[in-house]
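Throughout, residue positions are numbered sequentially from 1 according to the sequence presented. Whatever order the structure lists ligands and atoms in, that order sets their numbers, starting from 1.
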Amino acid sequence: MRIGAHVDPADPLAEAAARGAEAVQFFLTDPQSSKTPEPREDVERLRASEVDIYIHAPYRINVASPNNRIRIPSRKLLLTHARAAAEVGAKGLIVHGGHVGGGADLADGFVSWRKVFEYAESEGGFPLPILIENTAGGDNACARRFDDVARLWDEVGRFGAGFCLDTCHAFAGGEDLVGIVDRVKAITGRIDLIHANDSKGGFDSGQDRHDNLGSGKIDPELVVAAIRASGAPAIVETPGGVAGQSADIALLRQRSGA
Ligand SMILES: [Zn+2]
């Protein structure tokens with residue numbers, strides 16, 4: 001069982017060491033921007049490291065948008081980040097499922113997702129797994145309700161899309177955490193990564209507000225159970241810096257016996 005944290009991108013390996021983490025996730029650019037990632041000075045160290053590297057795509061990306069001035073640049077930016085993530089030896093690029101917004105047809109969002117993979121194939125393919133993450137909310141979201149994830153997978157499953165299960169997002173999005181891994185796997189066939197977060201927001205609140213494990217509304221045993229059942233690595237995206245995240249990692253290790 002490999003457990004890690006979402007960390008500041010300046011020196012991810014130092015952040016991993018400070019937390020005793022076996023995995024790290026970070027952004028390659030300001031997550032609110034649409035910038036192209038700059039080459040990193042620590043590429044060789046990252047590639048050679050024993051620590052598993054995951055890259056999170058910017059929040060600005062919404063490949064499901066009905067607005068082509070958002071959708072088309074999002075598609076291109078995702079491929080750009082995928083190439084930069086592969087460059088640093090990442091095991092996957094995590095991207096939110098996105099949303100189509102009010103008044104739009106969710107079916108169009110799923111088709112847009114298929115076009116992401118078709119576009120990437122026409123450009124030589126994604127150089128690493130793309131892990132689509134479930135979201136807590138989002139106006140007409142593609143990957144909040146698992147019924148919708150099933151429709152999404154009808155479009156992207158054949159391209160080898162991966163799945164990142166966020167426990168905060170699932171809970172706040174209105175999906176029961178009991179037996180969740182089996183329900184996801186029945187749809188996607190795989191869980192590549194767990195985002196192990198507690199939730200400040202209540203069940204089905206639609207609020208994306210992460211909390212430290214045991215401090216929010218989720219029973220930590222359900223988070224541990226999800227990690228164990230999935231067999232996937234886990235990343236905590238929780239507050240409190242080194243101290244807060246180290247405590248979350250310790251809790252997961254302790255309760256899972258890892
Ligand atoms: Zn997450």
*Verify, without hydrogens or angle tests, whether Arg145 (side chain) and Gly173 (backbone) share a donor-acceptor contact under 3.5 angstrom.*
yes
*So, is His195 placed with an N/O/S atom under 2.8 Å from the Zn ion (ligand 1), counting both backbone and side chain?*
yes
*Going by the side-chain contact (heavy atoms from CB on, under 4.5 Å) test, name the single residue among Leu77, Leu79, Leu78 that passes it with His81.*
Leu77
*Is the centre of the His169 ring less than 6.0 Å from the centre of the His210 ring?*
yes
*Distance flag, aromatic centroids of His6 and Tyr54, threshold under 6.0 Å*: no
*Angle subtended at the Zn ion (ligand 1) by Glu237 OE1 and Glu133 OE2, rounded to 10 degrees*: 170°
*Which is the closest N/O/S atom of Asp166 when seen from the Zn ion (ligand 1)?*
OD2
